[in-house]
Enquirer: 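Have a look at this one before I ask anything.
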Amino acid sequence: MSSVAISEIHGDSPPAHEPVLPGVHSYESISEKICGIVLGARTARWWLIAFAVCSALTVLFFGSIGYLFYRGVGIWGLNVPVVWAFDITNYVWWIAIAMSGTFISAALHLTRQPWGASISRFAEAMTVFALAIAGMFPILHLGRPWFFYWLTPYPNMMSLWPQWRSPLVWDFFAILAYLLLSLMFWYLGLIPDFATLRDRALTRGRQVIYGLLALGWRGEARHWHRRQSAQLLLAGLAVPLVVSVHSVVGLDFATGNTPGWHSTIFPPFFVAGAMFSGFAMAMTIVILLRRAFDLGNFITERHLDNLAKLILAMGLVLAYSYVMEIFMAWYSADRYEIYTALNRMRGPYAPVYWALIFCVVLVPQALWSRRVRRAPWLLFAISIVINIGMWLERFMLIVTSEHRDFLPSAWGMFYPTIWDWAILIGSIGFFGWLLLLFVRFVPVISMSEMRELLAHQGHAHASHTHERGGA
Amino acid sequence: MAQVFRPHQVFVLKFGAGIVLVLLIAGILIWRTVTADSPPIDAPVAQTPPFSHKHHVSDVGLDCRFCHASVETAAFAGLPPTSTCMTCHSQLFKGQPMLAPVAASFRDDLPLHWIRVHRLPDFVYFHHDIHISKGVGCSTCHGQVDQMPLLWRTQSLEMSWCLGCHRAPEKYLRPKSKVFDMTWKAPPDQLQRGRQLLTEYKIDRHRLTDCSNCHR
Amino acid sequence: MNPAVSEAYGLLAEFGSPAALLEAAKAAHRAGYRRVEAYSPMPIEGLVEALGNADTGLPRLALIGAIIGGVGTFALQWFSATVDYPINVGGRTPAWPGLIPSTFEMTVLGAVLAIFFGVLLRSRLPRLYHPIFNDAGFAAASSDGFFLCIEAADPQYVPAQTREFLERLQAVRVSVIEP
Amino acid sequence: MAANDTDEPLNLDPPSGTAPQWRGLDELPAQAASAAALHRQAQRSADLARFDRRQFLRYTAASLSLAGAGACSRSPQQVIVPYVHAPPQLVAGDPLFFATAAALGGAAAQGFLVKSHYGRPTKIEGNPSHPGSLGATDIFAQASVLDLWDPDRAQAVRHRGQETTWESFVSALSVRMSRLSVSTGTGLRILTESVTSPTLEHQLRTLIDRYPGARWHQYQPINRDRAYEGSRLAFGEPLEARYEFDAARVIVSLDGDFLGAPGVRYAHDFVGARRGSDAKPDPGRLYVVECTPTLTGSFADHRYAVPFGEIEPIARALAQALGVAGAGAGAGAAGGAPDAQLLPGDVLAACARDLKQNAGRALVLVGDSQPPVVHAIAHAINETLGNVGHTVSYTAPILARSDSQDESLRSLTEDMAAGLVDTLIMIGGNPVYNAPADRLFGTHLAKVAMSVHLSLYDDETSARCDWQIPQAHFLESWSDARAFDGTAAIQQPLIAPLYGGKSAHELLALLLGQAATNDYQTVRDFWAKNRAPAAVDAFWNEALLRGVIDGTQLPVRAVACRSDFWHAQTAPGAASAPAAASDPAALELIFAPDPTVWDGRFANNAWLQELPKPLTKLTWDNAALMGPGLAARLGLANGDQIELRVQDAAVLAPVWIIPGQPDQTVAVTLGYGRTHAGHIGNGAGYDAYVLRRSDDPWHARGLQIRKTGERLELATTQHHFSMEGRRPVRTTTLADYRRDPALATADENRPQPSMYAPVAGDGYAWAMSINLDACTGCSACTIACQAENNIPVVGKKEVLRGREMHWIRVDRYYEGEAEQPRTHFQPVPCMHCEQAPCEVVCPVEATVHDSEGLNLQVYNRCIGTRFCSNNCPYKVRRFNFLQYSDEDTESLKAQRNPEVTVRMRGVMEKCTYCVQRITDARIEAEKGNRRLTDGEVVTACQAACPTGAILFGDLNDPDSRVRKIKASPLDYALLSELNTRPRTTYLAKVGNPNPELANPPAAEKKERA
């Protein structure tokens, strides 16, 4: 289909418009550059250091999980009334980060944004990894995790089924569908690049590994054709799915009667929040990669600029929903809702609330400035702040609602323990660990799509001359 | 370029994958058999002394309640104290080596140890008395004990199995007179008889599948 | 004719640019060749049409998968909650809206699985060994080579003439593929 | 018994507690081989490891019931006769109920029906036919079953710490006794606590007759010296005042906490009269003047907080206002004092008028800690008002001896100091720990040649004694005890001593040289004494069956009040009370028994340690209680550590701020800071006995407070005490109620519409009603529930995290300003909502409804998402964040109720309406093809509640009490606006303030507004 796009690219990109791929490129140079990162003989020092750090954190992560399974969720600071805290906060945070990847590449795919090509690949990778981690938390947070499979409907000796009306069951299916779709979407895109790697690999070992991964891809026209229509279909399915997944996450709370949760605004609110933090995380990683492998030619400032605009837009949507939340509380005239709203601003967790307002509402406003949007390191800093802010937002949302609900006699407080932190930090380390492996052994940018882009540019150019010739 | 994979290598790969798959399935099956509850269904369980229900029920003609005295009155059917055995065996087959453990137990006030054949998990609360009084026969759950030289389990005793009856009791209910009848077989018009019994016994069908019926 | 040649898998012609390959494919089709395959490092517009039969059949598969996933899930929920083991949960009788989210997710998943495996099956992938790889230069097909292969199985395939035909299409290079 | 070794105990699970099933026992080896048998059992307990829990329980059941049988077969003809007609209130079924009685904490006895599972006492219920119980129990009774199984109990005879045998003690003692007998016992001293056991009294007196030189001392820290002294002042002889609260309309309590004291009868009578019939409240009026908040004060219609010393002047002023003969004279110097100084406004006058109007139906009572003269004044007032014979009557003391225990201890310690004590035998008690500091009991104890301590625990006193003899728990030994009205009851054991413990009777029998006789023989002989031998068996069986001995109630005595006491020396505490009042800086300290560990004897009882103290909601600690004003003045906050110094004694204590406490008074509770209590009690709290002095044991003046700067973590189960205008507790006043019965519940709209079709059912519909007007906050329900449902104890650290597990908690709210707060208690179990929010969010159907309206929690299906807890607006669900239930301690397993699953970690749990009791009862009924009748199912909390505040029954039964009571206009649902449609509802509280009093408590203002 992207070939169909040619004319349109030509159409909606006036000559003045800077090209997506500046600098001279040939099909060969693309393969050269990108395969170089993977097949390059020596590993960069920064990579080794980063990998060591992340490995340590990964060990911490799984160590903590081991202890968690051994002792029980009591090692966290949970209690009644606050039965959910870091566990679910991390879950929502990670699944929101997962949002961007599939969504970005799918959306870009559908809207045929040529500039998406260079960022969709690791955006998808990011999704898969974040989702894998997000998917762990619903299991980790269980009192008896070894029975998590009771959420699946299968004929059993108890003749029991899941309780279909529980949002947790919806969650289960949502994550399942989302994870599989992301994986397949990602892998479908990877196959031809694996083939390229297979054919350029110098060592037998790599030939075999990449050969297996490439499934014997040989670039047949019909295969290309099917793959493309498949990608298009998957992209088309991905968008509604992603929206539904985060709506379901929102429903996890909205279906509860806890003041501060029981609100119809939640599903869209969560979708917006997810896009927001997803884009922010994408930004973080884009900038790092760009710097690490100096991909400035593939990931241009225009990419960053567009991404920044998206973040700004989502930030505004989010800010709006915060206002609406408070308005709804007041408008509902519900004693409990109102109290919760006020308690967030003045209660024991007020610092968290104001911190997140700063991170999520105020900071992104800097993106109005074009100069900021073009300054990678500023963007990087902002994206980090946003990520932190979004974590705080989920924490605030969950804990402040729980800790003071209906009966004053049952009010309580939550204080995190060392294990709460260990698992949060560990999960981040594990994410980094996966990403590092990814950038080292998988092409970070889709070579086939790059080639397409190149072809289009060439073609566009050609068509210009042709017209002149005709005149 | 050279082929990355030669045909025979491809074959090896496929074959290997096949092997792995087979091993996986085998592993699961083994695991299930290893972790299955013991004693397994239909496997006679050796006891000391080698008590024979067949002998005591069909040959001697003892009633279940002679030994399982509280089956009608309590949750637990009850196992007989040694003294019950001795009511007869202080006279009959006195010297038999087979009966030595019983005599010893009676003499030294050391209880006999029977191996449990029908066991339910901790969290399941089963009451014999109510089942008996509502016309559920012994053999429905315990099988034809009178034909068992050594006792064995004939039913899975899993929740789904329990539900089988609790959802459709009419298939199994008997008239009171037949409860202890080992040879009872469902008559052709059981369903209709069963429904009559349901009303006669005042059984509230709704309750039967309540979780609280067995779990507390 | 030379048996050695006739036992070949086919003739492989390499072209300099996507455009050239496209032209060659069209020409081959016009010339009546039907067992023709084009290989390129990226998708090329019109190539499939040029070779004939552009139908992927994937949308149909997707639809079937979606229906199975959706209807199946809804039916399962309805059956288990109202027929198999109806349980009083929160004093609320089972209502369909509560069953929709899972149904939707599974509808999508059904379609996704159908599409993914549809692609692989219809493309006969994975296929690790393929004669085409026997050609030393074919590695370029995954980075900057554009190839057209007329298979020996083609009824019109006559080694000498076919090679001549291909060379006429300004192929950079034409070589025989060992079976 | 063999059967019991299998999974299915036979002999001990009969249809109901009738005699025949003990046929099982006859199958036991008749010869007393129980020790040997037990031993063998113990050896076999190696096998226990591979048994699952219930197998284990039944296994122990076997061994223990064998032990129990052994107990009975100590002499072959002994037979325990179980209860014949278990009252309908009690669940029939496998377990047996045995009647017994005990005087816990040395107070008046309560009668019990102890539930025995296959020979293991697992649960204590009240004995309806026992006057001291009437079917209910207090927290101590409920928790005492845990003491029985406490692995920390003294388990062996010890000589100077070395484990030895009973025989060696016997020989050592006999040597000494033979020497003492020469000197007619000079130098032999017995120290007991208050004795209510007629048999024990008889034995002791016999001993004294036998050895004229010997002496019997008695001391316990919480004693009634001052009450008896007061009656001696008033009537010339020590008498027991017996109150008839059900006849009293207007009650004035001067620092008297009759609702908080051990025992349940007074609470039952008081509330019973107040509640009226079918929730048509007809409350009398209760005035309370007290020095620190108590349950009684919390219940009062008018409560006033005054310093300790002001009680006496108030009493005198009241007497004067009532024109009591002789009042106005005397030391209080309150003669002409205008009561304005003492109580706000014209309270005294109004109160006096109220009393006058209700003369004969009024009652004035005084707390045991108040000086004797105050008691005397109260007696005088009651006489003047003609209350005697109606609301109060007088009998001989129920205690064997009513002379001053402080005095008795003084003489003992002095003799010890003088080296006059050769052999000291202590029966129970823990004087080294709880004797007044200035008696230096511990130091002098060293001068005693041979000291023997018979006690449940190897405690502080045991550590300083030559001999420590493990005492048999009251569930392990025979004895008898008197109730508050003197009615005697036999204390019969349910099980052989687990650790070879000895009873007081056995020890005394030994001293008397009757080594052969056991406590069974002793007790039986005592009661057989003046009966025809033929009649004895019948009498004995009857006594054991009913749990009371008829005709033992003490006769009422006619009394005449003297008028010479008005000049009696006032207690030092009150000497210059006005001065204290005038100088706000002068601080005073008052002592009170701890609400849950009492005088320290229950310090090792985990249930009581974790039971939130009714008013402070503190667990595992005692604190120094002070009012907000004082705290503000000293710049102290909750948990700040302070040094309390009285003269040269000082302790470090954490501060706890409590509204309604006078600003110059700091209150400390006794019973903490134990060093030899056991794993549970050691190191919890601080020891307030250090500050206690014999000259004024209840009160100390000249208290100095120093802030150390340290902070201590106090584990409280409720952090927020204001209702935030949400009105979980609804109150009204009698006046308002008469005007508009529904006023308190007016703003409720029930039932709200629902989108779902109602789930109909013609079966049972279980429901509960909790009458807030009857709830005194005593928390007996909480402990009863814990005992019935195997609820684990989590420990201080977990409580600090907010993870306590109680299925029914008693919430406490304050209304009004901090100086004069109104206090409300609200027991909150699971509401069993018909439209339960918790169920819809559970992904695995672990919490669902059953057809009788129970909101079930299926532990074995629960995977622990905790979403249900989130969605429970009442937060009554409890989660096993860690492995809380003890899986290692065998004896604790034996205590558990085999009818209830023991929960593992990671599982949610909550109140089940005692589904096990419902099921057992239903099965019994269905076997008879009949429907359950009202009162056949009683939940554990309901059974324990002294005031019948909790009512449980079937809503579909047209004439069930619960259905009737829910028709009351006072009936309301908690958070009804959420439309959860709870099956548990509440009855609003109806106060009855005196219309004359200008300033009704703030709360009522609120209500009207």
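Values below: every heavy atom of this structure, side chains too, minus hydrogens, waters and symmetry copies. Here is the naming used below: chain letters follow the sequence lines, and residue numbers restart at 1 for every chain. As the structure is a prediction and not an experimental result, all values here were calculated from the model.
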Enquirer: When only pairs under 4.5 Å are counted, which of Arg122(C), Arg124(C), Arg92(C) shares the most heavy-atom pairs with chain A?
Expert: Arg122(C)
Enquirer: What are the two closest heavy atoms between Leu237(A) and Ala111(C), and how far apart are they?
Expert: CD1-CB, 3.7 Å
Enquirer: Taking the side chain as C-beta and beyond, is there a heavy-atom pair between Ser80(C) and Trp164(A) under 4.5 Å?
Expert: yes
Enquirer: With respect to chain C, which residue among Ala177(A), Gly219(A), Cys35(A), Ser448(A) yields the maximal number of heavy-atom pairs within a distance under 4.5 Å?
Expert: Gly219(A)
Enquirer: Would you say the side chain of Tyr27(A) lies within less than 4.5 Å of the side chain of Pro18(C), judging by non-hydrogen atoms?
Expert: yes
Enquirer: Can you tell me how far CD of Gln77(C) sits from CD of Gln163(A), rounded to the nearest 0.5 angstrom?
Expert: 10.5 Å
Enquirer: What part of Leu128(C) lies closer than 4.5 angstrom to a heavy atom of chain A: side chain, backbone, both or neither?
Expert: both
Enquirer: Would you mind telling me which of Ala238(A), Ala174(A), Ser159(A) has the largest number of heavy-atom pairs within less than 4.5 Å of chain C?
Expert: Ala174(A)
Enquirer: Taking all heavy atoms of His223(A) and all of Leu125(C), pick out the closest pair and write down the distance.
Expert: ND1-CD1, 4.1 Å
Enquirer: Look at Leu113(C), Leu58(C), Val119(C) and state which one has the largest set of heavy-atom pairs under 4.5 Å with chain A.
Expert: Leu58(C)
Enquirer: How many angstroms lie between CD1 in Ile115(C) and CG in Leu188(A), if you round to the nearest 0.5 Å?
Expert: 9.5 Å
Enquirer: Within a 6.0 Å radius of atom CZ on Arg127(C), are there more than 12 heavy atoms belonging to other residues, nucleotides or ligands?
Expert: yes
Enquirer: With a 4.5 angstrom heavy-atom cut-off, which part of Trp170(A) approaches chain C: side chain, backbone, both or neither?
Expert: both
Enquirer: With a 4.5 Å heavy-atom cut-off, do Met184(A) and Phe117(C) have their side chains touching?
Expert: yes
Enquirer: May I ask you to name which of Thr103(C), Asp55(C), Asp84(C), Ile132(C) has the most heavy-atom pairs under 4.5 Å with chain A?
Expert: Asp84(C)
Enquirer: Only pairs of heavy atoms separated by less than 4.5 Å count here; which of Arg165(A), Glu32(A), Glu28(A), Arg200(A) has the most with chain C?
Expert: Arg165(A)
Enquirer: Please flag which part of Pro162(A) lies under 4.5 Å from any non-hydrogen atom of chain C: side chain, backbone, both or neither.
Expert: neither
Enquirer: Between Ser229(A) and Thr56(C), what is the shortest heavy-atom contact and its length?
Expert: OG-OG1, 3.6 Å
Enquirer: Tell me, for Tyr187(A) versus chain C, whether the close heavy atoms (under 4.5 Å) come from the side chain, the backbone, both or neither.
Expert: side chain
Enquirer: With a 4.5 angstrom heavy-atom cut-off, is it the side chain or the backbone of Pro97(C) that approaches chain A, or both, or neither?
Expert: neither
Enquirer: Just by distance, no angles: are the side chains of Ser244(A) and Glu105(C) close enough, under 3.5 Å, to form a donor-acceptor pair?
Expert: yes
Enquirer: Does any backbone or side-chain atom of Ser31(A) lie under 4.5 Å from a heavy atom of chain C? Answer side chain, backbone, both or neither.
Expert: side chain
Enquirer: Taking the side chain from Arg451(A) and the backbone from Ser143(C), do they hold a donor-acceptor pair closer than 3.5 Å?
Expert: yes
Enquirer: Which heavy atom in Trp224(A) sits nearest to a heavy atom in Ser40(C), and how many Å separate them?
Expert: NE1-O, 2.8 Å
Enquirer: Does the side chain of Arg218(A) reach to within under 4.5 Å of the side chain of Glu37(C), using non-hydrogen atoms?
Expert: no
Enquirer: Name the region of Tyr39(C), side chain, backbone, both or neither, that has any atom closer than 4.5 Å to a heavy atom of chain A.
Expert: both
Enquirer: Just give me the residue among Ser123(C), Gly98(C), Pro126(C) that pairs up with chain A most often, heavy atom to heavy atom, under 4.5 Å.
Expert: Ser123(C)
Enquirer: Among the options Leu99(C), Leu47(C), Leu76(C), pick out the one with the most heavy-atom pairs lying under 4.5 Å from chain A.
Expert: Leu76(C)
Enquirer: Between Val112(C) and Leu234(A), is any pair of side-chain heavy atoms under 4.5 Å apart?
Expert: yes
Enquirer: Heavy atoms only: give me the nearest Arg222(A)-Gly52(C) pair and the separation to one decimal.
Expert: NH2-O, 3.3 Å
Enquirer: If I take atom CZ from residue Arg227(A) and atom CG from residue Leu120(C), how far apart are they, to the nearest 0.5 angstrom?
Expert: 12.0 Å
Enquirer: Please check this pair: side chain of Arg198(A) against backbone of Ser142(C), looking for a donor-acceptor N/O pair closer than 3.5 Å.
Expert: no
Enquirer: Heavy-atom distances under 4.5 Å only: say whether Met447(A) touches chain C with side chain, backbone, both or neither.
Expert: neither
Enquirer: Does any heavy atom of chain C fall under 4.5 Å from the side chain of Gln231(A), the backbone, both, or neither of them?
Expert: neither
